[in-house]
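Report on one structure; see the data block that follows.
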2 protein chains.
Amino acid sequence: MSVDSGADLFKALGDATRRTILDELIDRDGQTLFEICGRLTMRYGLASSRQAISQHLAVLEQAGLVHTRRQGRYKFHHVDTRPLRSIVERWPIDRGDPP
Amino acid sequence: MSVDSGADLFKALGDATRRTILDELIDRDGQTLFEICGRLTMRYGLASSRQAISQHLAVLEQAGLVHTRRQGRYKFHHVDTRPLRSIVERWPIDRGDPP
DNA sequence: GTTATAGGCAACCCGCTACTTGCCTGTCAA
DNA sequence: TTGACAGGCAAGTAGCGGGTTGCCTATAAC
């Protein structure tokens with residue numbers, strides 16, 4: 001009967017490039033689109049176009065994992081990991097050693 | 001440079017039916033494939049075929065979220081939420097009120 | 001034995017999604 | 001004002017993934 005809330009969240013986390021973007025934004029918060037593109041290429045070897053990264057950021061923003069702040073012609077992207085809390089609230093993590 | 005470990009985990013969580021299967025197995029652990037099929041139909045209104053559910057369970061097992069135990073012609077499925085811990089370890093959750 | 005049950009395997013179809021391409025808008029510097 | 005820079009929008013393409021179909025194996029009940 002439950003409505004499976006948070007579909008956007010899992011959809012956002014489902015792509016490897018988007019997960020790398022989260023890693024990158026956590027390492028250095030508040031980057032612009034061009035900065036993210038450059039650092040993804042430099043540090044992770046990802047050769048994605050600007051438009052591809054832009055679409056990924058839109059998905060992350062819709063999931064609430066990224067918030068944006070416009071300033072002039074720049075748009076800064078900030079991470080917000082709080083939506084991840086709903087995952088461990090939905091399926092409480094067992095105590096014990098990892099597998 | 002990080003290798004994005006846990007791709008199987010996020011792939012498994014990316015599908016709504018698989019998330020519902022996790023819900024169902026947490027509610028009643030150790031079900032067989034046919035039990036899961038029946039209860040998904042009854043309680044969640046999902047009309048998926050047996051083969052579809054079987055493939056979903058294989059994905060969940062590959063992600064380490066479900067372990068199986070054979071006994072005669074039955075195969076019991078057990079949840080293991082410990083892989084979820086890697087998510088909050090990768091992206092620590094901020095303190096503060098939810099959005 | 002025979003039959004029914006529980007599950008597995010492989011091929012195929014289709015819709016979604018990531019990515020590209022091309023062009024457009026808005027902002028700042030020279 | 002003109003150019004460079006940061007970003008947005010929309011249509012088209014290709015591949016992947018979820019679902020189905022059909023047939024098969026193995027265990028248990030009769």
Side-chain angles (χ1 to χ4, degrees), chain A residues 4 6-25 28-42 44-63 65-78, chain B residues 4 6-25 28-42 44-63 65-78:
Chain A
D4 186 58
D8 288 340
L9 173 63
F10 295 106
K11 175 187 171 185
L13 294 176
D15 183 84
T17 302
R18 284 194 287 268
R19 294 195 293 273
T20 305
I21 292 176
L22 286 183
D23 292 336
E24 175 57 31
L25 281 179
R28 174 188 260 231
D29 197 45
Q31 297 188 57
T32 67
L33 173 59
F34 275 49
E35 283 177 308
I36 297 173
C37 287
R39 290 174 64 102
L40 284 183
T41 305
M42 295 294 109
Y44 300 92
L46 299 184
S48 300
S49 69
R50 177 182 61 86
Q51 289 82 352
I53 304 297
S54 176
Q55 289 169 6
H56 282 310
L57 286 169
V59 175
L60 288 169
E61 190 172 8
Q62 189 174 1
L65 290 167
V66 164
H67 298 163
T68 59
R69 167 175 59 93
R70 263 217 171 263
Q71 185 172 341
R73 63 175 165 176
Y74 298 103
K75 186 178 183 184
F76 301 101
H77 298 79
H78 299 270
Chain B
D4 186 59
D8 289 339
L9 174 63
F10 295 105
K11 174 187 172 184
L13 294 175
D15 183 83
T17 302
R18 285 195 285 268
R19 295 196 292 273
T20 306
I21 291 176
L22 285 183
D23 292 336
E24 174 59 29
L25 281 179
R28 173 190 261 231
D29 196 46
Q31 297 187 57
T32 68
L33 173 59
F34 275 48
E35 282 178 307
I36 296 173
C37 286
R39 290 175 63 104
L40 284 182
T41 305
M42 295 293 109
Y44 300 92
L46 299 183
S48 300
S49 69
R50 176 182 61 86
Q51 288 81 353
I53 304 298
S54 176
Q55 288 169 6
H56 282 310
L57 287 170
V59 175
L60 289 169
E61 191 172 5
Q62 190 174 1
L65 290 167
V66 164
H67 298 162
T68 58
R69 166 175 59 93
R70 264 216 170 263
Q71 185 172 340
R73 62 174 166 176
Y74 298 104
K75 187 178 182 183
F76 301 100
H77 301 263
H78 298 269

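What you are looking at is a predicted structure, and each value in this text was computed from that prediction instead of being measured. Any value given below was found using the heavy atoms of this structure, including those in side chains, with hydrogens, waters and symmetry copies removed. Just so we're on the same page: letters track the sequence lines, and every chain starts at 1.
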Atom pair distance, as rounded to whole Å: [atom1] in [X] and [atom2] in [N]:
X     : N      : atom1 : atom2 : answer
A:L57 : C:dT17 : CG    : P     : 18 Å
A:F34 : C:dT27 : CZ    : P     : 16 Å
B:Y74 : C:dT5  : OH    : C1'   : 7 Å
B:R73 : D:dA26 : CZ    : C1'   : 10 Å
B:K75 : C:dC9  : NZ    : C1'   : 12 Å
A:I53 : C:dT21 : CD1   : P     : 15 Å
B:H77 : C:dG8  : NE2   : C1'   : 12 Å
A:H56 : C:dA18 : NE2   : C1'   : 6 Å

Between [options], spot the one nearest the side chain of [X], thanks.
X     : options               : answer
B:S54 : D:dA6, C:dC19, C:dG8  : C:dG8
A:L33 : C:dT20, D:dT20, D:dG7 : D:dG7
A:Q55 : D:dG7, D:dA10, C:dG8  : D:dA10
B:Q51 : D:dC9, D:dG22, D:dC5  : D:dG22

Problem set entry | Polar pair under 3.5 Å, donor/acceptor by atom type, side chain A:R50, base D:dG8 | yes

Exercise. Is any side-chain N or O of B:Q71 under 3.5 Å from a base N or O of D:dT27, one able to act as donor and the other as acceptor?
Worked result: no

